[in-house]
Every structure is written in structure tokens, then in C-alpha cells.
> 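One structure, pasted below without further comment.
Below, chains carry the letters A, B, ... as their sequence lines are ordered, and counting in each starts from 1.
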Protein chains: 2
Amino acid sequence: MSISKKPQLIEKALIAFNKGGYQAVGMDRLAKETGTSKTSIYKHFATKEDLIVAVLNHRDEKFRNWFVNRIEELADTPIGRLLASFDALDEWFQGDDFLSCMFIRASCEYLDREHPIHKASERHKRLLTAYVIGLAEQAGAAEPGKLARQLMLLKEGAIITAHIHGPDCVAANAKAAAKILIDHYMNN
Amino acid sequence: MSISKKPQLIEKALIAFNKGGYQAVGMDRLAKETGTSKTSIYKHFATKEDLIVAVLNHRDEKFRNWFVNRIEELADTPIGRLLASFDALDEWFQGDDFLSCMFIRASCEYLDREHPIHKASERHKRLLTAYVIGLAEQAGAAEPGKLARQLMLLKEGAIITAHIHGPDCVAANAKAAAKILIDHYMNN
DNA sequence: TGTTACATTTACTGATCGGTTAATGTTCCA
DNA sequence: TGGAACATTAACCGATCAGTAAATGTAACA
């Protein structure tokens, strides 16, 4: 495999891990599903752990990019965007390949907060939170950090709930709660 | 192992799975950590999957029992209890053995919603939700189901956030959001 | 055409996976 | 004391785990 095919390997590994789980998908199966021999995979990544971290960082970039762009398509005011973020979530939940969040799942399989895979998940959530804080600041909320973190709690909760019980009504309910919180922090 | 030691086996297996994860803890390690030979374990449980389901059902009973009792110790009005549930969460988060929620983690390792282990997790969350709905009804909230489900989103989000980023401020922030939501549904 | 360099495959390592078989205690009653 | 019943152990099963070594294929350049 030439060096230029590394991104394709990461992309295919992402699909495999998303579908099957990090521990459950072994390197042999990964080689099969990516169409790349194990030896070639290990040319690019020293360990499975390194590959997973690369997959997560790729996912981070792709997801945040999609999320922000979608939100900006859906609304053009800060408050509108804070709310629209839940519509974007709903689209994600309703998709065929939604199997919870790859970062939450990673942190559940690699429990130690100091584990590189766990840290990659922490980073993703921190960056997402920073984006929401920015929106809350633009909106002129009384306590933007507090509001943003509360909205993030609703988002994480919605992800878990949509995965465990199914996606119906979950994002809409989270959005309704978000509306109440936003209204509170904009009038106090 | 006599039949009477089955509960102890479940209890020890719970600790092992909580500490190490469901897939990561193999049956050999489980035998070592529970002090029970594999053959004896398989006398009580046909498969590892059956054992995990038994562990989860035990955890469900134990956790809900603790949760409800703690809440009723902390407050004696329905609204007080809705809020106190977040203080109980905080106590859980701050404990030494907090490694996210065993049911969330189970649903993350066994992704298929039809999988028995996933279903056991769904059941636990459904029963918890039912309890919170009951409190919201007692409180006389305008839309008790909606309020309760929104509070549940905050709880699930808090669990994930406390696990990924650490427990500091998480439950308190969720409680602050809960206060706003409760206030809204009690005055409208 | 011969050679160097690199990509890729096959076959393998020891360890561990979930689960089973056969042998060895141990207990209890006749 | 003999033996049926049951609990427990150790050894083993084929499959798979993450990772590696050796062999093979392929391309570029001299």
C-alpha cells in the first residue's frame, strides 16, 4: 500500500469499528474489510491502539465539520443555531449507520481516563463544547459556559437514549428542553 | 459451588466486569477473580452472555434500590426529590469505583438493540425513567412524561460527561439545568 | 537484463478466547 | 465400608487475539 492510501485505510477502518466495536473487530477482520493485509496496516500503525486513535481523530474532524456546517445551513442566528444543533443531531440519529457516538463508545471500552483512546474522546467532546460555548457567547447569554455545558448534557443524554431506546422523539425532546434553558439564560 | 453461592458469584462478577469491561474480562480471569472454577461458573450459567445478563439484572435491582432510597433520604417532597436525584448522582460520580454506568457501557459493547444484554440495559433505563415520571406526576408538573424524560437526558449526559471529563461540577450543573426545567413545567 | 527498493502476501508466534471433557475430591446415606 | 450423587479441578478443544518473519511480487532505474 502506498502512503497515499493511508486515508482510505483509516476511512474503511472507521466503518468497520463503527459497525462492530473496537475490541470486537480484530486485526484479521480489519484486514479483510479494508482490503489491506495486516502487514501493510502495521506499516502505517505500530499498534491497533494507534490505528484506533487515528480513526478517532479522523472521525473528530469529519463529525465536527459536518455538525458545524449543517447547523450553519439550518439557522443564521446564534440562538437559532443552538437550537438547530438538535435538529442536526436528529438527522444523525435517524441515519442507518447510527450506533451511538464513536467517542462515547471508545471511552466505554477504554475506561481509564489516561488511556490515549479515552483522551482522544475527551478531546473531541471538549472541542464540541468549545463550539457551543462560542454560540452561547454570540447569543449574549448570561452565563455562556454554564448554558453551553447544560446543552451539552442534553446532547450526550440524547445520544445515549437514542441508541438504547431508539431515536424516536429523543432529539425533539432534547430540543424542547434546550429551548427552555436558552430562554432562561437569555432573560436572566 | 453450592446453589447458595450463586449470588456471591454474581456479585464478584459484577465487580470484575465493572472494573474491566465485559469483553475485556475473559472467563478465565473471571474464574480467578471470583474464586470459582470455570466449570462451576458454567454450572450456573450456560454462556458468558447469560452471566452478564444476570449481573446486569442484579445491578439494576441494587442500583435502583440505592438510588430511590438515597433520594427519599435527601428530600421529602416530589420536587425536592427530583432535584435530590442529582445529588445522589454526584455521590455516585465521586465514588472510587465510578466508571460510567454499567448499562450504558453494556449497550456500547453490545450494539444491537435486539441483543439480550442491550435489552437488559434498555429495561433498566426504562424502569428508572418510570420512577422519575412518577415523581413528576406527584409534583403536579404540566407534562410529567416530558419533564421526566428531559431530566433523564440530563442524567445520562451527566454520567457520560463525568466519566469522560471527570466528575467535577457535572452533577451540580445538571442539577442547575434541572431546576430551570422543573420551574418551567411547574409554572406553565 | 540485473539489481535495488519497496509493497504485499502467507504463514507463523505465543497468548487468550468461550466452552467442554474427563478425572478427582467430597459428602452423605445405606 | 461401599457407593451413589454432586462439586470441583486440571487439562484440553478449535478459534481467534495482536503482532511478526520470511517469502513473494512488482516497479524503477542502471
Side-chain angles (χ1 to χ4, degrees), chain A residues 1-56 102 105-106 108-112 115-118 120, chain B residues 1-57 102 105-106 108-112 115-120:
Chain A
M1 160 175 293
S2 69
I3 200 85
S4 69
K5 290 189 181 168
K6 191 170 171 177
Q8 297 173 38
L9 169 58
I10 291 178
E11 180 66 32
K12 285 177 182 166
L14 192 155
I15 293 168
F17 283 131
N18 186 52
K19 203 171 41 182
Y22 301 98
Q23 299 177 79
V25 173
M27 293 303 286
D28 290 278
R29 183 170 152 197
L30 207 62
K32 210 169 282 177
E33 293 201 23
T34 62
T36 312
S37 70
K38 269 207 292 183
T39 316
S40 296
I41 295 176
Y42 278 104
K43 268 233 140 50
H44 294 290
F45 303 99
T47 63
K48 185 186 184 185
E49 180 183 310
D50 286 357
L51 170 57
I52 293 174
V53 169
V55 164
L56 287 178
M102 290 193 75
R105 279 169 45 193
C108 285
E109 289 200 43
Y110 303 89
L111 293 166
D112 184 0
H115 194 291
I117 294 175
H118 197 112
Chain B
M1 160 175 295
S2 70
I3 202 82
S4 69
K5 291 190 181 168
K6 191 170 172 179
Q8 298 174 37
L9 169 58
I10 291 178
E11 180 65 31
K12 285 177 183 166
L14 191 155
I15 293 168
F17 283 132
N18 185 53
K19 203 170 42 181
Y22 302 99
Q23 299 178 78
V25 174
M27 293 303 285
D28 290 279
R29 182 171 151 196
L30 206 61
K32 211 168 283 177
E33 295 202 19
T34 61
T36 313
S37 70
K38 271 208 290 184
T39 316
S40 295
I41 295 177
Y42 279 105
K43 266 232 139 55
H44 294 290
F45 303 99
T47 63
K48 185 185 183 184
E49 179 182 310
D50 286 358
L51 170 56
I52 293 174
V53 169
V55 164
L56 287 177
N57 287 337
M102 289 193 77
R105 279 168 46 193
C108 284
E109 290 199 44
Y110 303 90
L111 294 166
D112 184 0
H115 194 291
I117 293 175
H118 196 113
K119 279 184 173 173

> The side chain of Lys38(B) lies closest to which of these nucleotides: dT9(C), dT20(C), dA7(D)?
dT20(C)
> Among dG19(D), dC17(C), dT9(D), find the nucleotide with the atom closest to the side chain of Thr39(B).
dT9(D)
> In whole angstrom, give the distance that lies between atom CZ of Arg29(B) and atom P of dG19(C).
17 Å
> Would you mind reading off the distance between Tyr42(A) atom OH and dA11(C) atom C1', rounded to a whole angstrom?
16 Å
> Please tell me which of the listed nucleotides, dT9(C), dA22(C), dA7(C), lies nearest to the side chain of Lys43(A)?
dA7(C)
> Take the protein atom CD of Gln23(B) and the nucleotide atom P of dC17(C), then report the distance between them rounded to whole Å.
12 Å
> Please report, rounded to the nearest Å, how far the C1' atom of dA18(D) is from the CG atom of Asp50(A).
13 Å
> For the pair Lys19(A) and Glu33(A), find out whether any cationic side-chain nitrogen is under 4.0 Å from an anionic carboxylate oxygen.
yes
> Let's see if you can work this out: which of dA10(D), dG18(C), dA18(D) has an atom nearest to the side-chain heavy atoms of Met27(B)?
dG18(C)
> Do the non-hydrogen side-chain atoms of Glu109(B) and Cys108(A) ever get within less than 4.5 Å of each other?
no
> Taking atom CD1 of Ile41(A) and atom OG1 of Thr36(A), what is their separation to the nearest 0.5 Å?
5.5 Å
> Less than 4.5 Å apart, any side-chain heavy atom of Asp28(A) and any of Lys38(A)?
yes
> What is the separation between atom CG on Leu30(B) and atom C1' on dG19(C), rounded to the nearest whole Å?
14 Å
> Rounded to the nearest Å, what distance is computed from the NZ atom of residue Lys48(B) to the P atom of nucleotide dT20(C)?
15 Å
> Once you round it to whole Å, what is the distance between C1' of dA7(C) and NE2 of His44(A)?
9 Å
> Output the rounded distance in Å from CG (Asp28(A)) to C1' (dC17(D)).
8 Å
